[in-house]
Amino acid sequence: MDLESLVAIDVHTHAEVGRDGRTSLSSTLLAASEAYFKAHGHRQPTVDEMAAYYRERRMAAVVFTVDAAFATGHPPIPNEEVAASCAEHPDVLIPFASIDPHRGRAGVREARRLVEEHGVRGFKFHPSLQGFSPDDRMAYPLYEAIEELGVPALFHTGQTGIGAGVPGGGGIRLRYSNPMLVDDVAVDFPELRIILAHPSFPWQDEALAVATHKPYVYIDLSGWSPKYFPPQLVRYANTLLQDKVLFGSDYPVLTPDRWLADFDQLDIKPAVRPKILKSNAARLLNLS
């Protein structure tokens with residue numbers, strides 16, 4: 001990957017469809033997410049199409065799916081498939097994996113194999129969708145393996161568009177995505193690199209507190225247009241957390257084109273912009 005030629009690194013994109021046409025979520029949850037993001041009718045790009053999209057924009061992208069089979073009953077897109085597809089485009093794509101913590105020791109073995117044999121560079125958790133609290137000791141063997149492997153763990157935080165508007169939220173419990181629950185993980189695994197995904201509505205202050213207090217906790221800015229960012233998030237990104245905030249879009253439901261256009265209008269210091277867009281992520285992901 002030629003870092004010098006890249007204008008940005010998007011740390012939050014989703015592989016929504018597999019090679020066999022299988023989608024990452026059920027049709028009900030996908031439709032709810034599309035409605036929430038006002039992305040009606042958007043098609044799910046293949047990983048190959050994602051590579052072409054980001055290459056055209058001279059950007060790199062972290063790509064993952066979510067394994068939430070225990071809570072949803074919907075089989076995930078295989079991690080090996082995502083990793084193999086990303087490996088065909090190493091100039092622009094960075095593979096992350098997702099393992100349902102309910103899988104126990106089998107999940108721990110898979111995490112090690114995915115990093116050591118398939119080149120996976122990090123892991124995505126979605127506590128609300130996966131139906132677990134981040135501080136549940138059930139997940140600790142998996143965190144321990146990820147910490148030992150030296151790759152980041154990215155946690156969805158805050159409200160989610162998945163299940164929004166569906167009766168009962170599709171069974172998805174928002175409280176599992178309070179970033180304060182990840183604070184325990186940062187304490188108990190002090191060398192684990194953690195990314196709190198999204199402006200963490202309604203817990204933005206909690207996310208800022210955790211990222212300020214714990215040296216290896218970062219925040220990605222995906223899932224929201226920058227024009228809607230809470231003012232305290234912008235203030236911390238400009239100052240105390242300028243080395244720990246990361247560009248993320250949430251592609252394909254929110255495009256980097258839309259995100260970057262709105263980010264251009266945000267009052268961010270000139271010296272901080274390249275950190276958020278590229279250099280913080282390059283350092284965290286050991287791309288340099």
Side-chain angles (χ1 to χ4, degrees), residues 1-24 37 39 42-66 76-98 114-124 149-154 156 193 195 197-198 218-223 225-226 245-264 273-288:
M1 186 171 288
D2 182 4
L3 283 176
E4 291 298 320
S5 69
L6 296 176
V7 299
I9 299 172
D10 186 340
V11 302
H12 199 115
T13 77
H14 290 267
E16 290 190 343
V17 63
R19 291 174 175 170
D20 61 358
R22 179 193 308 172
T23 55
S24 58
F37 285 101
H42 90 280
R43 62 181 294 273
Q44 287 79 36
T46 66
V47 175
D48 289 340
E49 289 170 332
M50 292 174 69
Y53 180 93
Y54 278 89
R55 189 176 291 117
E56 181 182 353
R57 288 157 177 77
R58 294 171 51 216
M59 298 180 197
V62 169
V63 183
F64 47 71
T65 186
V66 179
I77 298 171
N79 288 310
E80 294 86 349
E81 178 183 317
V82 174
S85 295
C86 288
E88 295 174 3
H89 306 281
D91 57 320
V92 290
L93 298 186
I94 302 160
F96 271 32
S98 178
L114 286 167
V115 172
E116 294 167 355
E117 299 179 16
H118 295 272
V120 162
R121 305 294 293 270
F123 290 85
K124 162 66 183 282
L149 291 163
V151 297
L154 185 152
H156 171 94
R193 272 55 178 172
I195 303 170
H198 315 306
Y218 298 73
I219 292 176
D220 91 31
L221 301 174
S222 65
S225 162
V245 173
L246 313 166
F247 160 49
S249 66
D250 223 0
Y251 182 79
V253 291
L254 182 63
T255 68
D257 293 348
R258 161 77 186 281
W259 193 99
L260 289 168
D262 290 343
F263 185 68
D264 283 343
R273 285 183 179 273
K275 293 182 178 184
I276 294 174
L277 292 178
K278 185 173 75 169
S279 61
N280 290 345
R283 185 180 67 256
L284 174 61
L285 299 172
N286 293 317
L287 299 180
S288 55

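Predicted, not measured: the structure shown is a model, and the values here were computed from it. Residue numbers count from 1 along this sequence.
Ser222 is not listed as a side-chain neighbour of Val11, based on a closest heavy-atom distance of 4.5 Å or more. Counting only heavy atoms from C-beta outward, the side chains of Val62 and Leu154 never approach each other to under 4.5 Å. Side-chain atoms of Phe123 and Val115, non-hydrogen and from C-beta on, do get closer than 4.5 Å to each other. At a threshold of 4.5 Å between non-hydrogen side-chain atoms, the residues Asn79 and His118 do not count as touching. Using a 4.5 Å heavy-atom threshold, the side chains of Leu285 and Arg193 count as separate. Put simply, the side chain of Met50 does not reach to within 4.5 Å of the side chain of Val92, judged on heavy atoms. Residues Val47 and Glu81 have side chains not in contact (no heavy-atom distance under 4.5 Å, counting atoms from C-beta outward). Using a 4.5 Å heavy-atom threshold, the side chains of Met1 and Pro90 count as separate.
The minimum heavy-atom distance linking Met59 with Pro256 is given by the pair SD-CB, 4.0 Å. In plain terms, the two heavy atoms of Ala15 and Val82 that are nearest each other are CB-CG2, 4.3 Å. Contact between Val7 and Arg57 at its shortest, heavy atoms only, is CG2-O, 3.5 Å. In this structure, Leu221 and Val245 approach most closely via the heavy-atom pair CD1-CG1, 3.4 Å. Of all heavy-atom pairs between Lys124 and Phe64, the closest is NZ-CE1, 3.4 Å. Considering every non-hydrogen atom in both Asp10 and Ser249, the closest pair reads OD2-OG, 2.5 Å.
Atom CD1 in Ile77 sits 11.0 Å away from atom CZ in Arg19 (nearest 0.5 Å). From Ser279, atom OG reaches atom CG of Leu284 across 11.5 Å, with rounding to the nearest 0.5 Å. Going from atom CZ of Arg55 over to atom CG of Leu93 covers 7.0 Å, rounded to the nearest 0.5 Å. The structure places CG of Leu114 at 5.5 Å from CD of Glu80, a figure rounded to the nearest 0.5 Å. With rounding to the nearest 0.5 angstrom, the CD atom of Glu4 is 5.5 Å from the NZ atom of Lys278. To the nearest 0.5 Å, atom CG of residue Leu6 and atom CG of residue Leu277 are 11.5 Å apart.
Residues Phe247 and His12 place their aromatic rings such that the two centres sit no closer than 6.0 Å.
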Q.
If you apply the rule side-chain contact (heavy atoms from CB on, under 4.5 Å), what do you find for Val253 with His14, and how did you get there?
A. CA-CA 9 Å; Val253 291; His14 290 267; 5.8 Å; no
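Remark: the backbone N or O of Leu246 is not paired with any side-chain donor or acceptor of Asn280 at under 3.5 angstrom.
Classification of the His156-His198 ring pair by plane angle, with boundaries at 30° and 60°, yields perpendicular.
Qualifying ring-ring contact (aromatic ring centres under 6.0 Å, His included) partners for Tyr54, counting only residues two or more places apart in sequence or in other chains: Tyr251.
With hydrogens and angles left out, the side-chain atoms of Asp257 and Thr255 include no donor and acceptor closer than 3.5 Å.
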